[in-house]
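Scroll down for the structure; my scribbles are underneath it.
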Amino acid sequence: MSSPLRPAFYDRSVVAVARGLVGCVLQHGDSSGLIVETEAYHQTEAACHAYVGLTARTSTLFGAPGTAYVYRSYGIHALVNAVCEGHDVGAAVLIRALEPLTGLDAMRARRRRDGLEELCSGPGKLTQALAIGLELNASSLQTGPLRVLPRPDDRLQPALVASERIGISKAAELPWRFSVAGSRYVSRPRPPGRAAWAAARAASAGRADGSTGS
DNA sequence: CATGGGATTGACT
DNA sequence: GTCAATCCCATGC
């Protein structure tokens with residue numbers, strides 16, 4: 001058993017945290033999954049809720065690093081983020097997809113679906129699968145009940161693909177979506193696969209676009 | 001106080 | 001591919 005990531009992990013550039021969280025584990029009760037897709041949001045770009053400044057809705061985003069920011073999307077879904085960077089900086093990593101690890105039957109019951117790839121392959125799906133509701137907004141990701149654990153020892157560091165964020169209209173060009181290359185558990189639309197990623201990387205060798213793994 | 005726009009999903013054509 | 005469901009809240013009159 002490893003202990004949850006501490007606030008210092010989140011007290012870094014939100015893009016660095018978004019990359020670092022891929023491969024870690026999100027756990028709530030008996031259910032957990034490996035994070036395979038994230039997106040970074042920062043107050044300096046218009047797609048971030050914190051762009052409008054400090055309001056009742058965004059107050060969590062300006063709170064302590066390592067806090068959960070949970071909000072309702074499209075009136076229906078709860079989406080979960082990890083608050084990053086220092087106090088007074090509005091930034092967070094949206095957790096978009098998980099590879100289911102434990103508590104599979106409970107996830108299947110909550111999702112009313114059986115297929116492993118249908119349980120957590122989207123930001124609204126994974127909150128339903130793990131029973132993450134708005135009541136967890138502003139809770140600590142270190143002390144729980146919702147926790148983020150380090151990458152399991154038996155897991156290799158995943159190769160990452162960087163692509164554009166999903167479902168936004170502003171600042172859509174930033175390549176701040178990070179996913180495990182070739183994973184079957186990422187959300188739609190799928191980012192470029194590992195082969196396409198390697199080809200694109202070779203074609204633009206030398207260009208700094210934050211798309212490499214490591 | 002009224003309005004409109006979402007960091008989505010699933011059902012249907 | 002298209003579209004409705006459904007709620008919070010920021011914005012504007």
Side-chain angles (χ1 to χ4, degrees), chain A residues 10 13-19 21-22 26 33 35-63 65 67-85 89-100 107-139 141 146 148 160-180 183-191 210:
Chain A
Y10 304 93
S13 109
V14 70
V15 171
V17 179
R19 299 168 57 85
L21 281 177
V22 177
L26 183 67
I35 298 171
V36 295
E37 180 181 346
T38 62
E39 284 179 359
Y41 288 86
H42 192 270
Q43 63 180 24
T44 52
E45 44 90 13
C48 182
H49 293 169
Y51 185 70
V52 299
L54 181 59
T55 66
R57 182 196 196 191
T58 62
S59 63
T60 304
L61 279 170
F62 290 90
T67 302
Y69 168 52
V70 186
Y71 71 95
R72 188 166 299 293
S73 178
Y74 289 92
I76 301 174
H77 309 285
L79 270 56
V80 63
N81 302 249
V83 174
C84 296
E85 308 203 8
V89 177
V93 173
L94 171 66
I95 299 176
R96 286 192 58 89
L98 306 176
E99 174 183 335
M107 292 193 201
R108 290 186 174 111
R110 289 186 286 252
R111 287 277 300 137
R112 299 171 187 270
R113 287 197 174 35
D114 288 337
L116 264 192
E117 299 172 14
E118 303 174 277
L119 295 181
C120 301
S121 56
K125 297 177 184 178
L126 72 90
T127 56
Q128 183 182 26
L130 297 205
I132 298 169
L134 300 186
E135 71 280 0
L136 290 174
N137 182 45
S139 67
L141 291 172
L146 182 63
V148 177
L160 298 191
V161 179
S163 55
E164 293 179 352
R165 296 175 295 180
I166 301 302
I168 58 175
S169 54
K170 302 168 237 177
E173 73 286 356
L174 293 174
W176 284 5
R177 179 193 189 195
F178 303 99
S179 41
V180 175
S183 172
R184 298 182 301 280
Y185 300 99
V186 301
S187 68
R188 308 238 172 182
R190 292 274 181 78

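Just so it is clear, the model here is predicted, and its values are computed rather than measured. The sequence lines fix the lettering, A, B, ..., with proteins before strands; numbering per chain opens at 1.
Going from atom CG of A:Leu61 over to atom C1' of C:dA10 covers 15 Å, rounded to whole Å. Atom OH of A:Tyr51 is separated from atom P of C:dT11 by 11 Å (rounded to the nearest Å). Between the CD atom of A:Glu39 and the C1' atom of B:dT8 there is a distance of 12 Å, given to the nearest Å. The OH-C1' distance, from A:Tyr74 to B:dA11, rounds to 17 Å in whole Å. A:Arg96 has its CZ atom 11 Å from the P atom of B:dA7, to the nearest Å. A:Leu79 places its CG atom 16 Å from the P atom of C:dC7, with the value rounded to the nearest Å. The CG-P distance, from A:Leu174 to B:dA7, rounds to 15 Å in whole Å. Rounded to whole Å, the distance from CD on A:Glu164 to P on B:dA7 is 16 Å.
A donor-acceptor pair is defined here as one N or O able to donate and one able to accept, closer than 3.5 Å; no such pair exists between the side chain of A:Arg72 and the backbone of A:Leu134. Judged purely by atom type and a 3.5 angstrom limit, A:Glu39 uses its side chain to pair as donor or acceptor with the backbone of A:Ile166. Judged purely by atom type and a 3.5 angstrom limit, A:Glu37 has no side-chain atom pairing as donor or acceptor with the backbone of A:Ala97.
Between A:Arg72 and B:dG5 there is no side-chain polar atom (N or O) within less than 4.0 angstrom of OP1 or OP2. Contact between the side-chain N/O atoms of A:Thr55 and the OP1/OP2 oxygens of C:dA10 is found at a separation under 4.0 Å. Neither OP1 nor OP2 of B:dT9 sits under 4.0 Å from any side-chain N or O of A:Arg188. At B:dA11, one or more side-chain N or O atoms of A:Arg113 fall inside 4.0 Å of OP1 or OP2 (strictly under the cut-off). At B:dA7, none of the side-chain N or O atoms of A:Lys170 fall inside 4.0 Å of OP1 or OP2 (strictly under the cut-off).
Going from atom CG of A:Leu136 over to atom CG of A:Leu146 covers 5.5 Å, rounded to the nearest 0.5 Å. Here CG of A:Leu98 is found 5.5 Å from CG of A:Leu130. Values are rounded to the nearest 0.5 Å.
The side chain to side chain contact (heavy atoms under 4.5 Å, CB included) with A:Thr38 is formed by just one residue from the set A:Val22, A:Leu160, A:Val14; it is A:Val22.
In the set B:dA7, B:dG6, B:dT9, the nucleotide with an atom closest to the side chain of A:Lys125 is B:dT9. Side-chain proximity of A:Ile166 to B:dT8, C:dT11, C:dC9: nearest is B:dT8. Here the side chain of A:Ile76 is nearest to one of C:dT11, B:dT8, C:dA5, namely C:dA5. Distances were taken from every side-chain heavy atom of A:His49 (C-beta onward) to each of B:dA7, B:dG6, C:dA10; the shortest belongs to B:dA7. Side-chain proximity of A:Cys48 to B:dG6, B:dA7, B:dA11: nearest is B:dA7.
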Watson-Crick and G-U pairing of DNA chain C written in dot-bracket, each distance under 3.5 angstrom, with | for inter-strand partners: |||||.||||||.
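Counting only N and O atoms by type, the side chains of A:Arg110 and A:Gln128 include no donor and acceptor under 3.5 Å apart. Inspection of the A:Ser183 and A:Glu99 side chains reveals no N or O donor paired with an N or O acceptor under 3.5 Å.
Residue side chain A:Tyr71 reaches the base of B:dA7 through a donor-acceptor N/O pair under 3.5 Å, judged by distance alone.
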